[in-house]
Amino acid sequence: MPSTHHDTDPGMTEAGRLRALAELQIMDTPPESAFDDVAWLAASICQVPIALVTLVDAERQWFKARCGLDFDSTPRNEAFCTHAIAQSDLLEVPDMRADARFAGYPSVLGAPHLRFYAGMPLIGEAGWRYGTLCVMDRTTRRLSDVQRESLRRLAARAADLLESRRQRILGESRAAAIAELLEALPDGVVTCDGSGTLQEFNKTARDWHGVDPRALPPAQWPAYFGLCEADGRTLLAPERVPLARAYAGEKVRGQAIVIRTPGMEPRTVSCNASPLRAPDGHSLGAVCTMHDITTQAHESRQMEVLAMTDALTGLPNRTAWFAELERALARARRADLPVVVAFIDLDGFKDINDAHGHAVGDEVLRECAHRLQASCRQGDYIARLAGDEFVLFLDHANPAAADLAAVAQRIQAALGAPLQIAGRALAVGCSIGFATATADQARAEHLLHQADAAMYRAKRDKSVPFVVVDAAQP
Ligand SMILES: Nc1nc2c(ncn2[C@@H]2O[C@H](COP(=O)(O)OP(=O)(O)OP(=O)(O)O)[C@@H](O)[C@H]2O)c(=O)[nH]1
């Protein structure tokens with residue numbers, strides 16, 4: 001039994017005791033069988049008609065449980081228990097009429113004519129004495145040692161009941177504070193329990209997913225919530241969902257996913273997720289936090305696009321060209337298709353620049369880019385390498401001369417048509433070189449180099465409309 005001395009300890013003030021009592025939030029609550037049992041046992045063991053579990057407030061003492069009394073409180077200045085809670089052990093008064101502290105109390109002088117009182121303080125963990133377990137009788141008497149010890153032990157159990165109430169209230173208020181914090185967070189928070197069922201779904205997560213949580217099996221999360229890989233298109237495989245990865249025991253850091261909720265702009269979020277484990281190691285589920293990185297993702301995609309685009313014409317640039325050429329060669333190798341690359345260089349462009357200025361030259365380049373693109377077939381890939389040089393990957397092309405002649409003719413017709421720029425009628429031509437190779441022989445750099453060489457030959461020899469080289473030849 002804890003032994004405390006708040007009558008002598010300056011830290012144990014009445015104000016502190018009343019605060020601790022108020023924290024229990026127990027005054028005027030309905031009867032509870034556990035406290036009733038304590039009072040009943042106290043009355044039976046002590047063989048008295050009256051037993052109470054009392055709580056001593058500032059103005060009154062209130063009975064949480066009572067046997068043998070038909071009222072539930074008395075004013076504080078008529079409360080015997082005020083004396084009992086001033087000490088830490090049992091207070092036993094065999095005859096209250098013979099005790100100056102009690103002789104003048106109304107319930108001693110008049111009905112119900114109480115004579116005997118024994119009260120044991122209910123002492124909480126921090127030492128506060130909330131009230132008592134007390135027994136009373138209308139005749140004088142003394143308790144046996146066993147009865148005294150029983151009262152002490154029963155009072156300790158009643159104090160335990162009060163402490164567990166304090167812990168429950170503390171837990172509830174902490175949980176409420178955490179729930180409020182979760183709701184107010186600008187990041188999304190999602191949790192699942194030990195069976196993998198979605199639990200927490202804070203306000204931000206609800207806003208982003210557009211729905212409330214449901215008892216959905218993890219395999220259905222991607223389709224139901226529209227969860228995609230960072231590319232925003234590929235639906236996440238169920239085992240790639242960050243919360244599912246954490247539920248499977250993985251610690252996930254910074255996994256970018258896209259939430260595609262119908263009717264909303266796609267949202268890119270960076271996810272951190274962790275398994276939740278009890279101290280003994282068994283799974284309590286998992287938690288995933290999501291931070292909105294839509295703006296950064298958009299900016300970095302824009303940067304990527306800029307890094308791959310020719311600023312003047314809007315065509316793919318040299319970097320993009322080589323990246324795409326490598327992909328196209330891989331496709332051709334898989335399908336065992338021949339590959340054809342065209343190198344196109346404008347003729348007479350320098351003269352336009354020199355005669356009409358750079359701005360007009362720029363406009364000519366833009367118009368030529370547009371015409372080249374318009375003359376391409378679907379699947380062809382055209383890029384501006386530099387200056388007045390363009391390259392073209394011909395998708396599923398037939399390297400036969402007749403077919404290439406048709407391509408060259410289309411390009412030359414497109415570029416050769418008169419240009420109307422800034423009120424001037426201008427004209428450019430072009431020289432075209434083709435490099436062909438079988439899929440297994442084709443190498444990107446070599447193909448381009450050979451197409452460039454073919455184009456130069458065509459530029460030097462104006463008697464031919466284009467030149468084709470076999471890039472497989474050294
Ligand atoms: N307006 C403009 N001119 C550019 C740009 N980039 C390169 N040039 C110019 O384009 C011209 C390309 O020169 P050339 O390849 O000799 O032009 P060309 O007159 O077609 O001569 P050939 O290619 O030999 O037929 C040079 O004068 C460059 O300064 C650009 O972005 N805008």
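Order of appearance sets the numbers: ligands from 1, and atoms from 1 within every ligand. Values in this document were obtained by computation on a predicted structure and should not be read as measured data.
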Check your understanding: What residue among D345, D362, D310 forms salt bridge (Lys or Arg N to Asp or Glu O under 4.0 Å) with R384?
Key ->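 Option passing the salt bridge (Lys or Arg N to Asp or Glu O under 4.0 Å) with R384: D310.
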**Study point:** Check ion pair D461-R457 (N to O, under 4.0 angstrom)
**Key:**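 R457 and D461: not salt-bridged.
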Review point. Which residue pairs satisfy the ring-ring contact (aromatic ring centres under 6.0 Å, His included) criterion with at least one member in residues 387-438, sequence neighbours excluded?
Key: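 Listed once each, the pairs are F434-F466.
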**Study point:** Contact residues of ligand 1, where a non-hydrogen atom lies under 4.0 Å away
**Key:**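 Close residues (ligand 1, cut-off 4.0 Å): L312, D345, L346, D347, G348, F349, K350, N353, H358, G361, D362, L365, R384, G387, D388, K459.
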Review point. Side chains of R165 and T29: closer than 4.5 Å at any heavy-atom pair?
Key: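 Yes - at least one pair of side-chain heavy atoms lies under 4.5 Å apart.
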Check your understanding: Do D193 and Q199 meet the criterion of a side-chain donor-acceptor pair at a distance under 3.5 Å?
Key ->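 Yes - a donor-acceptor pair under 3.5 Å links their side chains.
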Check your understanding: Which value, rounded to the nearest 0.5 Å, describes the distance between K64 atom NZ and L24 atom CG?
Key ->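 These two atoms lie 10.5 Å from each other.
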